[in-house]
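No experiment lies behind these values; they were computed from the predicted model shown. By convention in this document, chain letters (A, B, ...) are assigned in the order of the sequence lines, proteins followed by strands, and residues within each chain are numbered from 1.
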2 protein chains.
Amino acid sequence: MPWPAKHKQNSKERILQSAIKLFSSRGFDGVSIGDIMRDAELTHGGFYAHFSSKQELYAKVIPVAARKSFRSKVSPESSGKEMVHELIDHYLDSKHVDQSKPPCPLAFLVTDVANREEGVRSAYRKAFNKAASLLDKQMSADFPDSRNKAFALLAMMVGGVAIAHAVDDEELEKSLLEACNAVGASLIE
Amino acid sequence: MPWPAKHKQNSKERILQSAIKLFSSRGFDGVSIGDIMRDAELTHGGFYAHFSSKQELYAKVIPVAARKSFRSKVSPESSGKEMVHELIDHYLDSKHVDQSKPPCPLAFLVTDVANREEGVRSAYRKAFNKAASLLDKQMSADFPDSRNKAFALLAMMVGGVAIAHAVDDEELEKSLLEACNAVGASLIE
DNA sequence: GTCTATAGACAGATAGAC
DNA sequence: GTCTATCTGTCTATAGAC
């Protein structure tokens, strides 16, 4: 084992993890390839041995970040309405807004995605559909209109976190998250 | 009246209107000062006679665009729950998502705002508070928890429109808007 | 695959004529 | 206030050594 610990992960994986972190906090245009490679402890020029463009990396980031974020917010054994409650509670949380928990790209990149190329937008669409299906499935036994509820609930969660992140007032952020949490919970009672 | 019609509005106002249109559709980094000035039929260098920086213009755009957007979505004579219903219906509409109706910066710029300077974020916060207060006030006679409902409803509206704009699938966009519309309406029944 | 170096484009902001 | 011209910095992407 001649290499330092930071090289245990292969380079491509390190670039991807750095990209998740940086894109989620500063958006596509707020991060340069140099920033990402520096964070991954590599040099700028090496980027193109792994990805053909910045947008290709961005598109790859979305599903990986989404899976990581949702996995971190539900326990493996929970299901049904309980799982949805748990997800709402962990999603609409200031620890998520400040990104000390794995950030959901559906919320933190929602506006950012609209201006990018086809591949990025379809990656976003797929991640959204996956999340909506998860919610729909867990609610389908209890509600006939579970698909509508899943869409609306997800929109409220994404909107709540995105607004909370945009706003520069901790009190407002807290009130907003609590309001969405309470109303969201009431939708599945 | 020696000047062409396009000069009826003064330059500053034309710059502001071009900025509303371009920022809403392409975000802060997707638009250059040259783009804005070209759209306003002026030249790049003249910009700084009216605004001291791009971010200052961006901060000024937010309240003006928000007022314009909300005004276009409610009739002057409506009030109470009826007004909220009307607003929900016009907000969660594909004509709003495709920006053929005046776009709401709370939705189209929500992610974009987080990375900017103080003045931009506080402009966003103020516009959000104004919209939330409007909803709260119209619902306060009918609901004891009107503030919570106003926050959650606004988050759902903003999230719904932002996601619909990000996604590259018209069917999904339509389903999402309808779901938010239905669930939003059910919150104020 | 990773590095250094650089090409080539474009941005925000400023200077100074009119 | 508006224009043209330009300064200065940064960006994506590529070339070529190792």
Sugar-phosphate only, base, or nothing, as touched by A:H50 at under 4.0 Å among non-hydrogen atoms: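 Since only primed, P, OP1 and OP2 atoms lie under 4.0 Å of A:H50, the category is sugar-phosphate.
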
Sugar-phosphate only, base, or nothing, as touched by B:T43 at under 4.0 Å among non-hydrogen atoms: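 Since a base atom lies under 4.0 Å of B:T43, the category is base.
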
Separation of atom [atom1] in [X] from atom [atom2] in [N], rounded to whole Å:
X      : N      : atom1 : atom2 : value
A:M37  : D:dC11 : CE    : P     : 15 Å
A:R116 : D:dT12 : CZ    : P     : 11 Å
A:L42  : C:dT2  : CG    : P     : 6 Å
B:I33  : D:dT2  : CD1   : P     : 15 Å
B:N10  : D:dG1  : CG    : C1'   : 12 Å
A:F51  : D:dT14 : CZ    : C1'   : 18 Å
A:D29  : C:dG12 : CG    : C1'   : 15 Å
B:F47  : D:dC3  : CZ    : P     : 14 Å

Side-chain N,O (A:S32) to OP1/OP2 (D:dT10) below 4.0 Å: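 Result: no.
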
Presence of B:S53 side-chain N/O under 4.0 Å of C:dG12 phosphate oxygens OP1/OP2: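 Checking B:S53 against C:dG12: no side-chain N or O falls below 4.0 Å of OP1 or OP2.
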
Expected output: side-chain A:S24 to main-chain A:K21 donor-acceptor under 3.5 Å: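 No; judged by distance alone, with no hydrogens or angles, the pair does not exist.
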
Out of D:dG1, C:dG12, D:dC11, whichever nucleotide has its closest atom nearest the side chain of B:K54: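 Selected nucleotide: C:dG12.
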
Toward the 5' end of DNA chain D, by each residue's nearest nucleotide, A:Y48 or A:D35: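 First, find each residue's nearest nucleotide; the 5'-ward one identifies A:D35.
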
Test: A:R125 and B:D168 ion pair at under 4.0 Å: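 Salt bridge between A:R125 and B:D168, a charged N being under 4.0 Å from a carboxylate O: yes.
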
Short N-O contact, A:R116 and A:D29, less than 4.0 angstrom: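 Counted as a salt bridge, because a side-chain N and a carboxylate O are separated by less than 4.0 Å.
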
is_close_aromatic(B:Y124, B:F128), centroid dist under 6.0 Å: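 Centroid distance B:Y124-B:F128: not below 6.0 Å, so no.
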
Centroid-centroid under 6.0 Å between A:H96 and A:F108 rings: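 Close enough - the centres of the two rings lie under 6.0 Å apart.
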
